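No experiment lies behind these values; they were computed from the predicted model shown. Computation of the quantities below employed the complete heavy-atom set of this structure, encompassing side-chain atoms and omitting hydrogens, waters and symmetry-equivalent molecules.
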Amino acid sequence: MLFIQGMHVGERPAKLEPEAEKHASQGSKRQLRRVPGAWNGRAESQAVDDYAKSHFTPYYIPEGSLSLDDLDPVIVYTPTRAWSKGRHPSLVGRTMHISSTPEARADVSFLGIGIEWFGSMSAKHGIAEVYINDTLNAKVDTYSPTWLKRQRLWGVDHLPYGLHRIAIVNTGNKNPDSGGTFIDIDAFVVNPSRPLGTPYQRRDLWNGILGMSEPQKGDQFAYSTPSTHTSQSWSLAQAGETGVNAMQIAVVSATQAIIIDKVEHNPLTVNGHPAWGALYDLRTNQIRALDLRSNSFCAGGTFLSNGTLINVGGNPVVVDKTGAADFGDLNGLQGVRLFHPQLCDENGVGCEIVEYPHRLRLASPRWYNTVVRIDDGSAMIIGGSTRGGWMNNVTTNNPTLEFFPPKNVHGFNGVPIPSPFLADTLNSNLFPIAFLLPDGRIFVAANRDAMIYDWKSNLETRLPQLPNGVRVTYPMTGTAVLLPLVSTDNYIATVLICGGSAIDDARPGYDINSQEAASSQCVRMELSEAGVQRGWEVEQMPQTRVMPDAVLLPTGDIVIVNGAMSGIAGYGNVIDQVGSSNADHPAMSPVLYRSSAPIGSRFSSGGLPTSNIPRMYHSVATLVPDGRVMITGSNPNLDRSSTRYGTEYRVEWLKPSWMDDETSRPLLSANASLIQFASEFTVTIDPKGGDPNQIRGTRLVFLEFTPEQTQDSLLTLRVRAPPHSAIYPPGPGWLYLVVGDKWSVATYVLIGDGSNPPEDIGALENMLANSNQSPGSDEKAGTGEGAEVV
């Protein structure tokens, strides 16, 4: 089997929302911070201190963590004469300890699972060594040409729960550009891994040091040490961390994936402030920070015909609630962010996110929008909310469509096109499900409803309502895939939608419980005239799931991961929240759906390993070019948190066990990277003993092919490209070879001629003239973005 796999742009729907309890306990030198979820008209705790109200620095005390100022007696400085005390209003607690003496060290013993070191970087700072439990863990160069305060210089998390010791040692060495060897201690932040509502007190720290407090066995709130799970047919391993929470993910090259988050205090930093974007190296698990300007919270995205990735929409940053300020154009509601993978080298160097908000923006504010590439290679942007909130409603709904680049269609000339469907599907209609169909129209599902939209004639055709009252879009979030398109079936499209919730979206948050069961329903419909008449085919997953992620494998099977078995998406809105999460009972066992099997026998979980990492709201999964499934993210919190269902940066890798034997894996080599529609190109394959007659020749599009010649174990095939741009929209994809139930490593291809999508300067200018940039977050502060609007 040969097919083109579409490049995946994944996202877990998100929001700024409220937490049931408000609490902040802080002293002048030690602070335990619990961050509220959102506002709903109630008083909120502020930034960690006055300096953080106006400066977005890496220093932050996650909910449930403990901050130790440099003057805390728990920190032991030796030799004492080698250390001096510095004072400045921008420092944590206005003080720091600083030394330029070789072998000068600062030691902290702590009870918990993680610790972070915060300090300064400057033109006179040097290199330090970091030891954990007397073992060298890292060397940290603290040089910077400018003075950067409150920097996260190093950190570790997910240590085995217990007593640990960190040591920061001055090496006496320095960067060649540095004028000194100073290192300093501004603060440490400890992750004690305690249950929500159990304050971590000073006595706990000392009792741990004195051996008077031991970890409690069976503590349901303590995650175990990362481990590798194996089974007969699949394996699951944990390796790597993303540095920013993986709210959105897209594979942008054979070696790199892009991770995009919202503005929050992630551990990865860039230009002196926390990053909310990163490139992840799929080979080495290394990360490189990207410097986004606008808040990409709940943005949508896709690739264009020329291979460029666009990421659009988002939310403002509410300054007086998050402490994020003065770092650029904060408001992401109309943001358009461009990323050009073709500028990257194999190590992800040479490419950055670019934004030009005064000329490059959406026509209207969109939070929780969906983006789909259409058959001319441009992007259709669907729905969303005009401002942050939780459940959509008539006062915030944006029931329109627009295009990027802007188009002059149906007389709208670049401005939004009204959609009756999006007006009719309130309240639970954010992040609509959308797929390009082989006839060029668009399938859209929102709430309990579905339609087919003809963008060329501006015609909506309603489809049968989803069965049994199950809602499938945010916050009753399900997942969906377009099943493989096959020429022998005349490329008839079939859509599959799984999970969600039957909770009534007219109920207010204070009447919804995190323990209410999600839906196990999967529905599928063939989108032909006869298929629509037959209606939705209903199946049941082995578990209920809300917020699942579905990954389409090269075989046409689907693996379903992540999500929760009760509650709904989001944080801080419902009763009986777990931490801040609106959902509970994480679904940690993958499920395999065999799309070609008869109904009643499509689901299986045998041989699939169970994770020990909850993947709730803001988690993602995607197929990567080497054939593994990458699983990461989870953050049902306003900002970074270390409580129950805290912020998760670890990455897991799911793969079939046959991948461990490279000698039996099919091989593919393509002679073309740019493939024109209806053209033919050749590939060379090694089926590794498979029967060439069973190598069928994917969005997922199965390709036709003809064997040409054989040399030793190698076989040359002449492959026919997709016949037109509605079968596979112009743009990037991945070419796989499938033999039996095994697939090759993918080859990157660009389908079409690689040109830019159609550009209409008149439509662009009219859009700019008839739309205004949404006010920045400084003008939005305190208005309640994230609050439930009633």
Side-chain angles (χ1 to χ4, degrees), residues 7-14 58 152 155 157 238-271 273-303 308-315 332 335 337-341 344 347-349 351-355 371 549 551 561-562 613 615-626 628-637 639-640 646-654:
M7 299 185 76
H8 175 75
V9 180
E11 171 168 344
R12 165 68 61 231
R152 184 185 187 272
D157 213 349
Q238 190 271 311
E241 296 194 3
T242 56
V244 303
N245 181 61
M247 181 189 297
Q248 305 161 59
I249 189 170
V251 175
V252 295
S253 74
T255 61
Q256 305 292 319
I258 192 170
I259 310 288
I260 296 178
D261 189 18
K262 59 180 166 69
V263 176
E264 58 184 328
H265 290 84
N266 289 304
L268 186 64
T269 62
V270 59
N271 293 334
H273 66 74
W276 59 98
L279 281 178
Y280 187 99
D281 194 309
L282 301 170
R283 306 159 303 171
T284 66
N285 300 317
Q286 299 299 304
I287 51 178
R288 180 175 75 82
L290 297 172
D291 195 5
L292 280 70
R293 290 187 58 196
S294 59
N295 188 9
S296 47
F297 188 1
C298 303
T302 190
F303 291 90
T308 295
L309 174 71
I310 65 165
N311 181 268
V312 301
N315 212 23
R337 307 164 199 93
L338 300 181
F339 183 78
H340 304 286
C344 301
N347 298 314
V349 176
C351 45
E352 300 290 341
I353 293 270
V354 294
E355 302 180 62
V371 186
D549 290 298
V551 178
V561 297
N562 299 346
I613 301 176
R615 303 287 187 184
M616 311 286 278
Y617 187 52
H618 292 173
S619 57
V620 295
T622 186
L623 186 71
V624 300
D626 69 9
R628 296 176 297 167
V629 175
M630 180 181 182
I631 303 169
T632 188
S634 189
N635 188 26
N637 303 282
D639 205 317
R640 183 157 63 104
T647 312
E648 185 58 67
Y649 299 98
R650 290 174 290 178
V651 180
E652 293 175 292
W653 303 92
L654 179 66

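- Atom CG of residue Asn562 and atom CD1 of residue Ile631 lie 6.0 Å apart, to the nearest 0.5 angstrom.
- Here the shortest heavy-atom pairing between Asp639 and Glu264 reads OD1-CB, 3.3 Å.
- Shortest non-hydrogen contact noted between Pro341 and Leu309 is CD-N, 4.3 Å.
- Taking each heavy atom of Arg615 and Gly633 in turn, the nearest pair found is NH1-O, 3.0 Å.
- Contact check for Asp281 versus Gln256: side-chain heavy atoms found under the 4.5 Å cut-off.
- Using a 4.5 Å heavy-atom cutoff, the side chains of Ile260 and Arg337 are not in contact.
- Atom-to-atom distance recorded for Phe303:CZ and Ile310:CD1 is 10.5 Å, nearest 0.5 angstrom.
- Not one N or O on the side chain of Ser296 forms a donor-acceptor pair closer than 3.5 Å with the backbone of Gly314.
- Put simply, CG on Asp261 and CG on Leu292 are 10.0 Å apart, with the number rounded to the nearest 0.5 Å.
- Across all non-hydrogen atoms, the minimal contact from Ser294 to Trp276 is O-NE1, 3.0 Å.
- Using modelled atom types, no side-chain atom of Glu652 and backbone atom of Ile613 make a donor-acceptor pair closer than 3.5 Å.
- Of the inter-residue distances, the one linking Arg152 atom CZ with Asn266 atom CG reads 10.0 Å to the nearest 0.5 angstrom.
- Side-chain contact between Leu282 and Pro625: present, with at least one pair of heavy atoms (C-beta onward) separated by less than 4.5 Å.
- Scanning for side-chain contact (heavy atoms from CB on, under 4.5 Å) contacts around Ile287 gives Leu268, Tyr280, with sequence neighbours left out.
- One finds the CD atom of Gln248 at 13.0 Å from the OG1 atom of Thr622 (value rounded to the nearest 0.5 Å).
- The side-chain heavy atoms of Cys351 and Leu279, taken from C-beta on, include a pair separated by under 4.5 Å.
- For the pair Tyr649 and Asn245, the tightest heavy-atom approach, listed with the atom from each and the gap, is CE2-N, 3.3 Å.
- The CD atom of Glu355 lies 8.5 Å from the CG atom of Asn311; values are rounded to the nearest 0.5 Å.
- Counting only heavy atoms from C-beta outward, the side chains of Asp291 and Ile353 never approach each other to under 4.5 Å.
- Residues Asn295 and Lys262 have side chains in contact (heavy-atom distance under 4.5 Å, counting atoms from C-beta outward).
- Using a 4.5 Å heavy-atom threshold, the side chains of Thr242 and Val651 count as touching.
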_Leu290/Glu352 under side-chain contact (heavy atoms from CB on, under 4.5 Å): CA gap, chis, key distance, verdict_ = CA-CA 6 Å; Leu290 297 172; Glu352 300 290 341; 3.6 Å; yes

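- Between Glu648 and Thr632, every side-chain heavy-atom pair lies at or beyond the 4.5 Å cut-off.
- In plain terms, the two heavy atoms of Asp549 and Ser619 that are nearest each other are OD2-O, 3.2 Å.
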